[in-house]
There are 2 protein chains.
Amino acid sequence: MRALLRLREQILSGEFAPGERMSELPLVERLGVSRTPLRLALAELEHEGLLRGLVGGGYAVREFTQADIRDAIELRGVLEGTAARFAVERRVTRRDLRALGTINDGIEELVHRADYDSFERYVDLNERFHARLVKIARSPMLERALAGLVSLPFAGPSAAFVLSEAELPESREILVIAHRHHVGLIESIERREGARAESLAREHAHLALTNLEIALRHRDVLKRMPGASLIALPRDGEPQHA
Amino acid sequence: MRALLRLREQILSGEFAPGERMSELPLVERLGVSRTPLRLALAELEHEGLLRGLVGGGYAVREFTQADIRDAIELRGVLEGTAARFAVERRVTRRDLRALGTINDGIEELVHRADYDSFERYVDLNERFHARLVKIARSPMLERALAGLVSLPFAGPSAAFVLSEAELPESREILVIAHRHHVGLIESIERREGARAESLAREHAHLALTNLEIALRHRDVLKRMPGASLIALPRDGEPQHA
DNA sequence: GCCCATACACTTGCATGCAAGAACTCCCTA
DNA sequence: TAGGGAGTTCTTGCATGCAAGTGTATGGGC
């Protein structure tokens, strides 16, 4: 377990160049564990998507294009939209809706604050809102599919909120809009409006995409995002095909 | 690798009771491999969804409810629908469309035949159609998400076609309808009708669900499906909550 | 007779040693 | 000088031995 945690941390902090082969022996002395747990950790991280297997055995850090990130976020929207629709179709309880409402009330209080503690609490509440939304869909399969997506460092529901920490002017508005999306989601689920709930969840994810595109224009901000070194940034003047 | 293949095969053929602890030492002599590759295989199968980790370490064969299976198939529809929409939005090439058409023409020829060889060819062509559909979405993230789903034994695009092999009267009609769905999918993608393409793919997956529900009424047929022993069948007179 | 404590056995997790395979380099030959 | 072959080294994959933790069973004490 130690091997997994330390290795993931080192990968996300950019200590390995994407694409280069990660030989086991150097990693053994770097992480202070034996090859057996290391191999397990490498296999685990391949499943998470952070590593990719090489042809002759061995692994390399995976590199993500901006298109990959866009797709991952959009797919999260698609799956969370399905979660919202499932919640509607499966008669969510009032208790679940109240829980969502309470979390979102907590978010509302924080939207207009600017200190770092508030930011941390915001991220925590936001994660809990999204986790609860998936939970009320009552679908282990859906939970599994979403878990496979948000294991990617930039695909989670709060990944792009490095912006508000950075106090960019756009970030405040985005928090307001995100809160409004949450309100609409609760409302549409309560009224059994499945199609609206699904679209809203998709649009909500697109907000993260907007967030990300702002971050990509402020690369100093992007650097704070864990796993930023895994993103293939196009060299200036070399447009990346969408 | 040997360990992984043999273990998966034995699980799918029902040689382990769902829920019971799979100790390593008995598996070692059963599979004829050492504990090291065995542990890797166990971890791999946990990721595939066939095993679940137990609290104090160790694994058990996972049991799937009918609701799980329904959800997995519906999620495949959601993701393949997204693939179809991506294909539209990303300007699929004529070459890709031709390839889909060619595969589907091959399917049309087989729909009205009844021999076993034709069944095998049908399954092969069907798999290729779905694989190509995902490919033309040009999204590695989407491919990954779908791969995580269809690793489940009953969620793949051809899993429920044990029916037509069994020559049930309903199965012939279902093949005709499935072929028509494929035609509609190609058409809508060609005409850049993203919403229609997405809905059609979803409806197409629902056909597999219909298929499965027929199979659940003919349990002798269900038995032919690999991994059937992992399905929690409700005891008669004990309705399963949907 | 019942409950608690201790000891034993079984389980998983880790480390190390070994073998097989592939790639790279160096040398020899054409 | 260039190409091929052989040797060496580095790589991953597998097996086994060992230790630590947990659960259970048995015995002793209250």
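Naming convention: chains lettered A, B, ... in sequence-line order (proteins, then strands); numbering from 1 in each chain. This structure is a prediction, so every number in the text was calculated from the model and none was measured. Excluded from the calculations below are hydrogen atoms, water molecules and symmetry mates; all remaining heavy atoms, backbone and side chain alike, are included.
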Kindly assign one of parallel, tilted or perpendicular to the pair A:Tyr122 and A:Phe161, based on the angle between their ring planes and the thresholds 30° and 60°. perpendicular
With heavy atoms under 4.0 Å as the rule, sort B:Ser23 into base, sugar-phosphate or nothing. sugar-phosphate
Assess the side chains of B:His204 and B:Glu80: does a donor N or O sit below 3.5 Å from an acceptor N or O? no
Hey, are A:Arg62 and A:Asp68 close enough for a salt bridge, meaning a charged N less than 4.0 Å from a carboxylate O? yes
Heavy-atom check, side chain of B:Glu63 versus side chain of B:Leu230, under 4.5 Å: no
If you walk 5' to 3' along DNA chain D, what is the first nucleotide with an atom under 4.0 Å of a heavy atom in chain A, and what is the last? D:dT11 to D:dG13
Just wondering, do A:Tyr59 and A:Leu54 contact through their side chains at under 4.5 Å, heavy atoms? no
Value in whole Å for how far the P atom of C:dT12 lies from CG of A:Leu40: 14 Å
Could you give me the CA-CA distance, side-chain angles and deciding distance for B:Glu46 and A:His47, then say whether side-chain contact (heavy atoms from CB on, under 4.5 Å) is met? CA-CA 11 Å; B:Glu46 185 192 12; A:His47 279 288; over 6 Å; no
Strictly under 3.5 Å: I want the nitrogen or oxygen pairs between protein and nucleotides 23-25 of chain C, one per line.
none

Please determine if A:Glu15 and A:Arg30 form a salt bridge, counting it only when a charged side-chain N lies under 4.0 Å from a carboxylate O. yes
When B:Leu79, B:Thr82, B:Leu146 are each screened for side-chain contact (heavy atoms from CB on, under 4.5 Å) with B:Val134, the one that passes is B:Leu146
Figure out the CZ/P separation between B:Arg35 and C:dT12, and round it to whole Å. 7 Å
